[in-house]
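Since the structure comes first, as structure tokens, the remarks are kept for the end.
The sequence lines fix the lettering, A, B, ..., with proteins before strands; numbering per chain opens at 1.
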There are 2 protein chains.
Amino acid sequence: MMSLMPRKAGEFLAGTPAHGSLRLDEQLCFALYAASRSVVALYRPLLEALGLTYPQYLVMLFLWERGPTPVKDLVTALQLDYGTLSPLLKRLEAAGFIERRRRSDDERCVQVVLTPAGRDLKVAAGAIPPRIVSAYDLTAEEFDALRATLVRLTASVAGEETPAG
Amino acid sequence: MMSLMPRKAGEFLAGTPAHGSLRLDEQLCFALYAASRSVVALYRPLLEALGLTYPQYLVMLFLWERGPTPVKDLVTALQLDYGTLSPLLKRLEAAGFIERRRRSDDERCVQVVLTPAGRDLKVAAGAIPPRIVSAYDLTAEEFDALRATLVRLTASVAGEETPAG
DNA sequence: CCGGCTTAGATCGTGTGCAACTCAATCGTG
DNA sequence: CACGATTGAGTTGCACACGATCTAAGCCGG
């Protein structure tokens, strides 16, 4: 049963887990950090067979879905830095999965385009999500709820930087 | 309202989000990856004031809680590799927060011990969790549920490696 | 006591992440 | 048009993560 006045996570109440403690096993941040690395580790052997790392796979997902894309949109969508993406894209290009072209109407902008090899990879990649999801041991409801909560958490945390000033 | 037979996340049902799709925004893995990095980014400025990085902070949390510890226990608790922890501990030692000593009764084992400076840091670190938790914008119930789900996810995913064979 | 096995830890190479810096192309304004 | 500001992208340096390899210390059967 739930209280009608849901307490804020920061509040102290008797008998309540200490959300503000310094205990490692009570930290949400560590649970998040460990879960993220565990899931990436689950992908690793499957992606290795395709010649991709996990962040490279995220880039390919975006390209398969959206087609040719300026680097800027990858920065936004993946919430990654140019300092991370530039060398990553260089490696994807060296592997023959993408090409990078300066746009003629704006020479600042670099378009990222799939090569045929990059497009072909999508078929093999289709086998990955089912294998991952089956390892999760979550119901579809838990899956959806977890994802929704994480998206909301990311938004509230990342949005702090520009607090409507 | 919920079904009496909760569907498994991998199953396909009409009108159901495609948990096995290749759409970036439907991937739990990406939500996890983005949330983890966002939360670490939230810690970064607070930890920088203490002279710590985020993984270094996790090590300090463990040491504040448990006292002198062999490196092996840090490997287990943080689910990190010696290849990650060895240089990290070397940096913590160079910063003057810890010391490393070979144990006399087993020369293979390296004990990690807090220095006075390392112990003192705990006081300043006490101010961090409340500030983080207040930025989450989660109720205490959501906080607990999220952490529990993540811990379970990590266990089910990491446990796959040794399936009682 | 000895050779083989296991264990605890370190090192190296590759690939991220991210901050700081640089650079070229474009834009806005006078 | 000139010129400073902005934008899109790349480079560099540092600190993770992780696989692979290495070493030294303990363990164990014969």
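The list of side chain to side chain donor-acceptor pair (under 3.5 Å) pairs with a residue in residues 68-94 of chain B, not counting sequence neighbours, reads B/Glu93-B/Arg100. For residues 105-128 of chain A, the set of pairs meeting the side chain to side chain donor-acceptor pair (under 3.5 Å) definition, not counting sequence neighbours, comprises A/Arg103-A/Asp105, A/Asp106-A/Arg108.
Considering only residues two or more places apart in sequence or on other chains, B/Phe97 meets the ring-ring contact (aromatic ring centres under 6.0 Å, His included) condition with none of them. Scored by the ring-ring contact (aromatic ring centres under 6.0 Å, His included) test, B/Tyr33 finds A/Tyr54 as partners (sequence neighbours excluded). A/Phe62 meets the ring-ring contact (aromatic ring centres under 6.0 Å, His included) test with no other residue; sequence neighbours excluded. When the salt bridge (charged side-chain N to carboxylate O under 4.0 Å, His left out) test is applied to B/Arg44, no partner is found at least two apart in sequence or on another chain. Residues satisfying the ring-ring contact (aromatic ring centres under 6.0 Å, His included) test with A/Phe30, not counting sequence neighbours, are none. By the side-chain hydrogen bond (donor to acceptor under 3.5 Å, both in side chains) test, A/Arg101 pairs with A/Glu99, sequence neighbours left out. For the side-chain contact (heavy atoms from CB on, under 4.5 Å) test, residues two or more places apart in sequence or in another chain that qualify with B/Ile128 are B/Tyr43, B/Leu46, B/Leu47, B/Leu50, B/Tyr57, B/Ile132.
Counting 5' to 3', DNA chain C first comes under 4.0 angstrom of a heavy atom of chain B and last does so at the ends given by C/dT7 to C/dA19.
Axis angle across the helix from C/dC1-D/dG30 to C/dG30-D/dC1, with five pairs used at each end and values rounded to 10°: 10°.
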Exercise for the section: Treat primed atoms plus P, OP1 and OP2 as sugar-phosphate and everything else as base, then score nucleotides 8-19 of chain D 5' to 3': B for base contact with protein heavy atoms under 4.0 Å, S for sugar-phosphate contact only, - for none. Expected result: SBBB---SSBBB
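With a 4.5 Å cut-off on side-chain heavy atoms, A/Leu80 and A/Val75 do not count as touching.
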